[in-house]
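Everything on this sheet refers to the single structure shown next.
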2 protein chains.
Amino acid sequence: KVPLSGIMRGSSGPLVPGRVPPAGALFAGPPLLSALTFPPHGAAEASLGPPVTRAPGPSLTWRGPFETLHGGRGEEEEPKLCLESRDLWMEFHKHGTEMVITKSGRRMFPPLKVSCSGMDTAARYILLMDIVSVDDCRYKFQRHRWTVAGKADPEAPRRVYIHPDSPATGRQWMSKAVTFTKLKLTNNLSDTRGFTILNSMHKYQPRLHLVEASDLLRLPLSTVRTFVFTETQFMAVTAYQNEQVTQLKIDNNPFAKGFRDAGNGRREKRQ
Amino acid sequence: KVPLSGIMRGSSGPLVPGRVPPAGALFAGPPLLSALTFPPHGAAEASLGPPVTRAPGPSLTWRGPFETLHGGRGEEEEPKLCLESRDLWMEFHKHGTEMVITKSGRRMFPPLKVSCSGMDTAARYILLMDIVSVDDCRYKFQRHRWTVAGKADPEAPRRVYIHPDSPATGRQWMSKAVTFTKLKLTNNLSDTRGFTILNSMHKYQPRLHLVEASDLLRLPLSTVRTFVFTETQFMAVTAYQNEQVTQLKIDNNPFAKGFRDAGNGRREKRQ
DNA sequence: CACTTTTTCACCTAAGTGGCAACT
DNA sequence: TAAGTTGCCACTTAGGTGAAAAAG
């Protein structure tokens with residue numbers, strides 16, 4: 001039970017053989033930066049048809065523009081990401097998920113959580129998340145409904161969140177569900193902490209990007225696979241609009257336990 | 001004030017240009033592992049003379065065995081690490097610093113904190129910490145004094161703690177003090193979490209190692225510089241022995257505030 | 001016995017919640 | 001006004017303290 005290696009990396013837990021420290025040198029510089037500047041909604045999805053704004057069926061998974069640069073890998077299995085806690089996401093989704101954004105940064109709830117499969121156990125991967133706008137509209141919430149309230153505000157600076165376990169081997173990614181709890185949302189356009197900047201009252205779609213880090217030497221030709229779970233779409237808000245969404249947050253987020261009723265776990269409907 | 005890059009790495013804060021994600025591939029495997037298995041106290045310091053067990057003067061800084069593998073860099077400046085909070089360390093040191101070790105892992109207090117200078121702003125470095133025994137003795141605390149109580153117990157498995165910001169550019173290391181707060185000490189020989197394993201009632205010396213990661217391709221020939229601050233030596237204990245040390249901890253560690261007296265910040269001396 | 005280690009505890013820090021009043 | 005945003009609050013989780021008692 002003693003780890004074979006005596007090397008530990010700060011915040012990422014024990015460093016067993018295969019668990020590796022950061023791979024900076026090859027990652028920096030213009031080539032990768034551009035490779036990581038994933039196309040915005042409009043450009044990226046144009047070739048795939050309009051976005052599924054309301055998703056009645058299961059999630060849509062599609063590939064990014066770089067995937068085609070490498071041909072098929074023959075009989076090799078394809079990496080897959082499966083959304084965890086899908087039931088909870090669907091509960092929110094059917095009411096219209098809302099995520100609070102604040103100046104100081106706010107986590108998402110639920111957090112995006114995926115289980116991985118089909119990866120090359122020995123290959124090294126980087127897992128990224130970004131959030132793109134779903135459409136060109138600004139919304140308002142009136143009479144218990146979201147309605148379009150005009151054209152979208154200017155797009156905020158694009159940010160990419162690299163999962164802190166990156167890079168890791170396929171074996172490690174597949175060994176347990178991967179959670180993006182630490183990602184934070186803000187409406188502060190001049191944020192310097194790397195938080196994801198969104199416009200309030202706009203609709204967004206989180207995306208995950210899987211980058212094969214073994215190909216880092218030949219970036220930006222790396223294989224990049226993009227995964228989209230439409231049931232994770234949400235409206236960015238500075239204060240909750242739909243009180244059914246509020247109640248779902250209170251009922252399911254441990255940090256909001258203080259707002260639950262003692263007995264039945266339900267709060268009296270106010271007003 | 002807006003970061004130039006929109007890339008953020010999970011737990012390590014914003015990823016500005018030059019702040020890079022992990023560099024795994026080149027880091028794993030036998031060559032580096034052996035390079036990172038720094039020589040134990042006895043072997044490493046043999047050529048430099050006996051360790052300074054009690055340091056009346058300023059810290060001693062010396063270089064590791066790999067440093068000589070690369071010749072001098074001509075007129076280039078040499079990297080330097082300067083210990084922060086030296087006054088506090090000296091307060092502890094003059095009484096004989098003690099650090100508690102537990103099965104579940106305990107932080108150090110004070111934490112090792114250094115400011116960096118003289119680095120190549122563009123080069124990439126990894127900063128490591130390990131803790132080596134100062135001598136071959138087991139100690140006991142009797143009549144308010146530490147005295148030798150026999151020969152040292154068998155050495156615990158050697159562990160190395162990689163600072164979570166690693167690797168980063170010289171510019172980044174030099175931009176603000178670097179703290180090793182998250183390192184944890186344990187006496188659990190079968191620890192699987194990568195904590196640093198120590199023997200209770202033995203004397204230890206923390207060390208910092210600066211590795212030029214630009215040379216990763218040719219490890220283990222990399223330049224490694226080792227820095228030792230003798231005023232950070234400490235005795236590993238499972239319970240504090242010297243009550244003056246206990247009082248210094250209570251007075252200075254925010255987490256121990258509950259044991260401070262309300263008024264004067266001093267607790268009544270018990271028994 | 002003498003000495004060291006383990007466990008549990010009250011008390012803290014640090015930070016994630018939605019409510020709400022004040023502000024724009 | 002009406003709609004949206006901000007700051008502060010009580011409450012929560014999560015985890016870092018030494019004390020004290022219990023155990024070895």
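Basis for what follows: all heavy atoms, side chains included, without hydrogens, waters or symmetry-related copies. To find a chain, count down the sequence lines: A is the first, B the second, and so on, and within it residues start at 1. Note that the structure is a prediction, hence the values are computed from the model and not measured.
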Is there a Watson-Crick or G-U wobble partner for [N] with both distances under 3.5 Å, and if so, which one is it?
N     : answer
C/dT4 : D/dA23
D/dA2 : none
D/dG7 : C/dC20

Working for side-chain hydrogen bond (donor to acceptor under 3.5 Å, both in side chains), residues A/Gln172 and A/Thr169: CA-CA 5 Å; A/Gln172 289 161 335; A/Thr169 61; 3.2 Å; yes

Let's see if you can work this out: which of [options] has an atom nearest to the side-chain heavy atoms of [X]?
X        : options                : answer
A/Phe259 : D/dG18, C/dT17, D/dG7  : C/dT17
A/Asn253 : C/dA14, C/dT17, D/dG4  : C/dT17
A/Asn187 : C/dT4, D/dT6, D/dG18   : D/dT6
B/Lys249 : C/dG18, D/dG18, D/dT12 : D/dG18
B/Lys257 : C/dC12, D/dG18, C/dG19 : C/dC12
B/Phe255 : C/dC12, C/dT5, D/dT6   : C/dC12
B/Arg138 : C/dG18, D/dA19, C/dT4  : C/dT4
A/Thr238 : D/dG4, C/dT17, D/dG18  : D/dG4

B/Phe259 side chain reached by B/Thr246 side chain, heavy atoms, under 4.5 Å: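 Sidechains of B/Phe259 and B/Thr246: no contact.
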
Specify the separation, in whole Å, of atom [atom1] of [X] and atom [atom2] of [N].
X        : N      : atom1 : atom2 : value
B/Leu185 : D/dT17 : CG    : C1'   : 15 Å
B/Gln241 : D/dA19 : CD    : P     : 12 Å
A/Leu183 : C/dG16 : CG    : C1'   : 14 Å
A/Asp261 : D/dT12 : CG    : P     : 13 Å
A/Ile197 : D/dT5  : CD1   : C1'   : 17 Å
B/His202 : C/dT5  : NE2   : C1'   : 15 Å
B/Tyr139 : C/dC3  : OH    : P     : 18 Å
B/Asp251 : D/dG18 : CG    : P     : 12 Å

Which residue lies more 5' along DNA chain C, comparing A/Val100 with B/Pro254 via nearest heavy atoms: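 So the residue in question is B/Pro254.
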
Most 5' of A/Ala239 and A/Arg107 on DNA chain C, judged by nearest nucleotide: A/Arg107

B/Phe234 and B/Tyr204 aromatic ring geometry - parallel, tilted or perpendicular at 30°/60° bounds: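 Plane angle between 30° and 60°, so tilted.
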
Sugar-phosphate, base or nothing in reach of A/Tyr240, heavy atoms under 4.0 Å: sugar-phosphate

Sugar-phosphate, base or nothing in reach of B/Ser200, heavy atoms under 4.0 Å: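 Sugar-phosphate contact only.
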
Side chain to side chain contact (heavy atoms under 4.5 Å, CB included) evaluation trace for B/Ile101 with B/Thr186: CA-CA 5 Å; B/Ile101 59 180; B/Thr186 186; 5.8 Å; no

Residue B/Arg171 excluded, over 12 heavy atoms near CZ under 6.0 Å: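 Open.
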
Under 4.0 angstrom between B/Gln142 side-chain N/O and C/dC3 OP1 or OP2: yes

C/dT4 OP1/OP2 closer than 4.0 Å to side-chain N/O of B/Lys140: no

Option among B/Glu91, B/Lys249, B/His95 that satisfies the side chain to side chain donor-acceptor pair (under 3.5 Å) test with B/Gln244: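 By the side chain to side chain donor-acceptor pair (under 3.5 Å) criterion, B/Gln244 pairs with just one of B/Glu91, B/Lys249, B/His95: B/His95.
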
C/dG18 base / A/Arg260 side chain donor-acceptor hit below 3.5 Å: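 By the distance-only test, no, there is no pair.
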
